[in-house]
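Each remark here refers to the structure printed beneath this line.
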Number of protein chains: 2
Amino acid sequence: MKSKGEEQKGRIVEAANDLFYRRGVGRTSFADIAEASGIQKGNFYFYFKTKEELLLAVLQRRHDFFARLLSEWETALAEPKDRLHRMVDIPLRDRDDVIRYGCPLGSISAELGKSLPVSKSQTQPQATFRLILDWMEKQFTALGRKEDAAFLSRRLLSHMQGASLLGHAFEDDVWIIEETEDLHHFIDTL
Amino acid sequence: MKSKGEEQKGRIVEAANDLFYRRGVGRTSFADIAEASGIQKGNFYFYFKTKEELLLAVLQRRHDFFARLLSEWETALAEPKDRLHRMVDIPLRDRDDVIRYGCPLGSISAELGKSLPVSKSQTQPQATFRLILDWMEKQFTALGRKEDAAFLSRRLLSHMQGASLLGHAFEDDVWIIEETEDLHHFIDTL
DNA sequence: GTCTATAGACAGATAGAC
DNA sequence: GTCTATCTGTCTATAGAC
C-alpha cells in the first residue's frame, strides 16, 4: 500500500519525465510541472530539494524502465536473435514520439552533456546506455560472437541513435524505418 | 574592406558560435557572450533584435562553413571516393571537441528540436544536413549508385551522427575511431 | 500533540529586451 | 545600464490523520 506522499511524489516524477522529454530539462520550470501534475510547486521542496534531485529521479525512472524491459525479454524470448530484433524495433514502435522529440535517452544525454560543472545527473544517461550495451553484448556472446561482442553492440546502438537523431531533425520516419530494416538484416546474417 | 560595424557583428557571432557549441544555446546568456567577445551587451541590440536572430546568424555561419568545405573538396579532390573518405573523417579529425561537446550540427539540432513553437531557427540545422546529404548523393551517383544514392547517404550520415552522440555521451573516442574505420571500409567496397 | 503534507507568498539572482 | 519577467529556492502558517 502506497502512502499518499509516495503517490504524490510519483505524480511529480511522471509529469516531469513527460515535460523533460517533450520540452527539454532546461525549458521546463517548476511552474510547468506544477500545472501538469496539479500539485503546487511550494510542495516540490518537500519531496525534492533541488531541480537536479528531481532530474535524477526522472533519469532513474527511465533506467528502471529499460532494466525491467530487458529482463522481461530474457525470460519471454528464448532466442538471443529474437531479443536483438526486439531491441532494434524500439525506435520503430515509438516512431511518432521519436520523430517529434527524439530518443528519450539520446536527447537528454545530449542536453546534459552541455552543462559545464560535471554533476551526478550527467553520468546517469551513460549508465543506462551501459546497461543496454552490456545486455547486447550478452546476446552476441550467446550467438558465439564473444570476440567482437563489444564492437557489434556499439555498432547497433550508434546506428539506432543516429537514425533517431536524424529522424527527429527532419521529422521524417524514413530514417527510422530504413535503418531498422537494415538492422534486422544485420542480425539475421550473423 | 570591412566596416567597423561588420567586424563587431562578426566578433559577436564568433563568440556566440563558440559558446552555443560548448554550453548549449539555452545556457548561454548575453552576459556570457559580452564577456567572451569584449563587446558590451547593450550594443547587441543594435546588431540583433532578439536572441533568435543571433542564433540564426550562428547557424548560417555553420551552414556557410560546410558549403565552402564541400565545394573546396569538389575542386581539390578528383575522385568521389576520396571526397567521401574526407567527409567521414570529419568527426575523427575533430574528435577532441566531439568527445567534449558533441557534433556541432547534431547537438544543436537536438537542442532546438525541443522548443515547442516552431521557429525559423529550428529548420536551419535541417537545411545544413540537407546540404550534406545532397552532396553525398552526388558523390554516390558519380560512383554509379544513382538508384540507392539517397539510401547510402542516409546510412553514412546516421552512422556519423550516432557515433558522435555516443562518443560524447561516454566521453570515449573509441566510438568515433571504430565507426570511422568502418565507414572507410564501407566506401572502399562500393 | 505530533507527523505528514499542503499552499501560497516571497527573496535573490539572472535572463532577455530595449 | 535599466526594466520587467521569470527562474530556482526558501519560509511559514496550517490542515488533517492518528
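Computed over heavy atoms, backbone and side chain alike; hydrogens, waters and symmetry mates excluded. In what follows, every chain begins at residue 1, and chains take the letters A, B, ... in the order their sequences are listed.
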_Checking B/F140 now: which residues fulfil ring pair (Phe, Tyr, Trp, His ring centres under 6.0 Å) with it, not counting sequence neighbours?_
none

_Within a 6.0 Å radius of atom CD on B/E53, are there more than 12 heavy atoms belonging to other residues, nucleotides or ligands?_
yes

*Side-chain donor or acceptor of A/R61 paired with backbone N/O of A/V58 under 3.5 Å*: no

*Given pairs defined as Watson-Crick or G-U wobble with both distances under 3.5 Å, what dot-bracket annotation applies to DNA chain D, with ( ) intrastrand, [ ] crossing, | other strand and . unpaired?*
||||||||||||||||||

Acceptor/donor pairs from residues 68-81 of chain A side chains to any protein atom, 3.5 angstrom cut, sequence neighbours excluded:
unit_1, atom_1, unit_2, atom_2, d
A/E74, OE1, A/K138, NZ, 3.0
A/E74, OE2, A/Q139, NE2, 2.8
A/T75, OG1, A/E72, O, 2.8
A/K81, NZ, A/D188, O, 3.2

*With sequence neighbours left out, which residue pairs that include part of residues 163-188 of chain A fulfil the ring-ring contact (aromatic ring centres under 6.0 Å, His included) condition?*
A/H85-A/H184, A/F170-A/W175

Which protein N or O atoms sit under 3.5 Å from an N or O of nucleotides 7-10 of chain C?
unit_1, atom_1, unit_2, atom_2, d
C/dA7, N7, A/N43, OD1, 3.3

Distances under 3.5 Å between nitrogen or oxygen atoms of protein and nucleotides 16-18 of chain D:
none

Only pairs under 3.5 Å count here: list side-chain donor-acceptor contacts from residues 9-16 of chain A, not counting sequence neighbours, and write none if there are none.
unit_1, atom_1, unit_2, atom_2, d
A/R11, NH1, A/Q8, OE1, 3.0
A/R11, NH2, A/S37, O, 2.8

*Using atom CD of A/E35 as one end and atom P of D/dC7 as the other, report the distance to the nearest whole Å.*
11 Å

*Does B/E111 reach the main-chain N or O of B/G26 with its side chain, forming a donor-acceptor pair under 3.5 Å?*
yes

*Under the side chain to side chain donor-acceptor pair (under 3.5 Å) test, residues paired with B/E178 that sit two or more places apart*: A/R154

*Please, which pairs that meet ring-ring contact (aromatic ring centres under 6.0 Å, His included) have at least one residue in residues 34-70 of chain B, sequence neighbours excluded?*
B/F30-B/F44

*Does a salt bridge link A/E137 with A/R130, judged by any charged N lying under 4.0 Å from a carboxylate O?*
yes

*Is any side-chain nitrogen or oxygen of A/S29 closer than 4.0 Å to OP1 or OP2 of D/dC7?*
yes

*asked:* Under a 4.0 Å threshold between the charged nitrogen and the carboxylate oxygen, would B/D82 count as salt-bridged to B/R86?
replied: no

_According to salt bridge (charged side-chain N to carboxylate O under 4.0 Å, His left out), does anything in residues 156-167 of chain A pair up with another residue at least two apart or in another chain? List the pairs._
none

*Looking at DNA chain C, which of residues 44-58 of chain B put a heavy atom within less than 4.0 Å of it?*
B/Y45, B/T50, B/K51

*Run through the side-chain heavy atoms of Ile, Leu, Val, Met, Phe, Trp and Tyr, join any pair under 4.5 Å, and report what else lands in A/L56's cluster.*
none

